[in-house]
A.B. asks: 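Here you go, one structure.
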Amino acid sequence: AVLIRGQVERCRLLLEEMTGGRGAVPERVSAAALIDDVSGRLTPALRDRLVVRLEVGAPALLAPRAVLAQAIAGLVKNGVEAGGDDPVVLGVGGRGDRVYVAVRDDGRGIDEATLAHVGEPFFSTRADAGGRGLGVFLARPVAEGLGGTLHVDSIPGRGTCVSLDVP
């Protein structure tokens, strides 16, 4: 019960931030600045496992900077927890007026039956590693609120890629 209350409070604070609280004002942010913001939200141990691939010429975007960085940081944390000892790749690039952010791990992957539940609140395949099932759940409304999408692709035994596509 204490764990659930704590996670509900975390969701409340993040949702408040997304819908008008601190950090929700859209601003122009470059891809490089977004990566810096994401890195700043990670522990040193998580940063050590992160490989960044920034496409030259990736467009800037208009977004609530803190909210988007928090959402991506949550996806990076998921990837690190799922990826074993391998690094997690954070790629940022663009095509036209769209920015693409992809977080890829080489972990155990997710089977189709389980993949259907990814993004549901409190659904986690990593309960033994402290997974709370909120990373994708909180990142999806951020992407959609920006007029974008979030996709999860996974191959069992080969890893998972979570990608955001936003204008």
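Hydrogens, waters and symmetry mates are skipped; everything else that's a heavy atom, side chains included, is used.
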A.B. asks: Counting distance only, does the side-chain N/O of S30 pair as donor-acceptor with the main-chain N or O of A60 below 3.5 Å?
C.D. replies: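 Not at all, since once roles are kept as given, no pair shorter than 3.5 Å links the two residues.
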A.B. asks: List the residues meeting side-chain contact (heavy atoms from CB on, under 4.5 Å) with R158, not counting sequence neighbours, and say none if there are none.
C.D. replies: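 For R158 the side-chain contact (heavy atoms from CB on, under 4.5 Å) partners, ignoring immediate neighbours, are I155.
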A.B. asks: Count the heavy atoms of every other residue, nucleotide or ligand shown that sit under 6.0 Å from CG of D85, and state whether that count exceeds 12.
C.D. replies: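 At most 12 heavy atoms, drawn from other residues, nucleotides or ligands, come within 6.0 Å of this atom.
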A.B. asks: Sequence neighbours excluded, which residues qualify as side-chain contact (heavy atoms from CB on, under 4.5 Å) partners of A69?
C.D. replies: L34, D37, V38, R41
A.B. asks: Taking C-beta and beyond as the side chain, do R108 and P156 meet within less than 4.5 Å on heavy atoms?
C.D. replies: no
A.B. asks: Can you list everything that forms a side chain to side chain donor-acceptor pair (under 3.5 Å) with R53? Sequence neighbours excluded, please.
C.D. replies: none
A.B. asks: So which heavy atom on V99 is nearest to which on P59, and how close?
C.D. replies: CG2-O, 3.4 Å
A.B. asks: What's the separation between atom CG in L146 and atom CG in L68, rounded to the nearest 0.5 Å?
C.D. replies: 6.0 Å
A.B. asks: Looking at G94, is its backbone amide N or carbonyl O close enough to the side chain of E55 to form a donor-acceptor pair, meaning the two atoms are under 3.5 Å apart?
C.D. replies: yes
A.B. asks: Would a 4.5 Å heavy-atom cut-off, applied to side chains only, mark D105 and V80 as touching?
C.D. replies: no
A.B. asks: Apply side chain to side chain contact (heavy atoms under 4.5 Å, CB included) to the pair V166 and L61, showing each step before the final yes or no.
C.D. replies: CA-CA 8 Å; V166 295; L61 60 142; 3.9 Å; yes
A.B. asks: Is D106 salt-bridged to R104, going by a charged N under 4.0 Å from an acidic O?
C.D. replies: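 Salt bridge flag = yes for R104 with D106.
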A.B. asks: Who passes side chain to side chain donor-acceptor pair (under 3.5 Å) against D111, sequence neighbours left out?
C.D. replies: T114
A.B. asks: Could you tell me which residues satisfy side chain to side chain donor-acceptor pair (under 3.5 Å) with S163, sequence neighbours excluded, listed by chain and number?
C.D. replies: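 Checked S163 against side chain to side chain donor-acceptor pair (under 3.5 Å); zero matches.
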A.B. asks: Within the structure provided, determine whether V89 and V103 are in side-chain contact (heavy-atom separation under 4.5 Å).
C.D. replies: no
A.B. asks: Would R47 and T43 count as a side chain to side chain contact (heavy atoms under 4.5 Å, CB included) here? Give the steps.
C.D. replies: CA-CA 6 Å; R47 279 193 302 270; T43 65; over 6 Å; no
A.B. asks: Could you work out, with side chain to side chain donor-acceptor pair (under 3.5 Å) as the rule, every residue matching R49, not counting sequence neighbours?
C.D. replies: none
A.B. asks: Which pair of heavy atoms, one from A143 and one from L164, lies closest together, and at what distance?
C.D. replies: CB-CD2, 3.8 Å
A.B. asks: Do the side chains of L42 and V52 join up, straight or via other hydrophobic residues, at under 4.5 Å, putting them in one cluster?
C.D. replies: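 Same hydrophobic cluster.
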A.B. asks: Once you round to the nearest 0.5 Å, how far does CZ of R65 lie from CD of Q70?
C.D. replies: 14.5 Å
A.B. asks: Applying a strict under-4.5 Å side-chain criterion to I, L, V, M, F, W and Y, I'd like to know whether Y100 and V92 cluster together.
C.D. replies: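 The answer is no; the residues belong to distinct hydrophobic clusters.
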A.B. asks: What's the verdict on side chain to side chain contact (heavy atoms under 4.5 Å, CB included) for V51 and L90, showing C-alpha distance, side-chain angles and the deciding distance?
C.D. replies: CA-CA 6 Å; V51 173; L90 170 60; over 6 Å; no
A.B. asks: Restricting to non-hydrogen atoms, name the atom on A58 and the atom on A31 that form the minimum distance, rounded to 0.1 Å.
C.D. replies: CB-CB, 3.8 Å
A.B. asks: Could you state the interatomic distance from CG (D165) to OG1 (T149), rounded to the nearest 0.5 Å?
C.D. replies: 4.0 Å
A.B. asks: May I have the step-by-step check of side chain to side chain contact (heavy atoms under 4.5 Å, CB included) for L75 and L150, ending in yes or no?
C.D. replies: CA-CA 11 Å; L75 299 176; L150 182 138; 4.3 Å; yes
A.B. asks: Using side-chain heavy atoms (C-beta onward) and a distance below 4.5 Å, is D153 in contact with T160?
C.D. replies: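 Result no, sub-4.5 Å side-chain heavy-atom pair not found.
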A.B. asks: Given the rule that I, L, V, M, F, W and Y join up when any side-chain heavy atoms are under 4.5 Å apart, are V152 and V88 in one cluster?
C.D. replies: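 Yes; V88 is reachable from V152 via cluster members.
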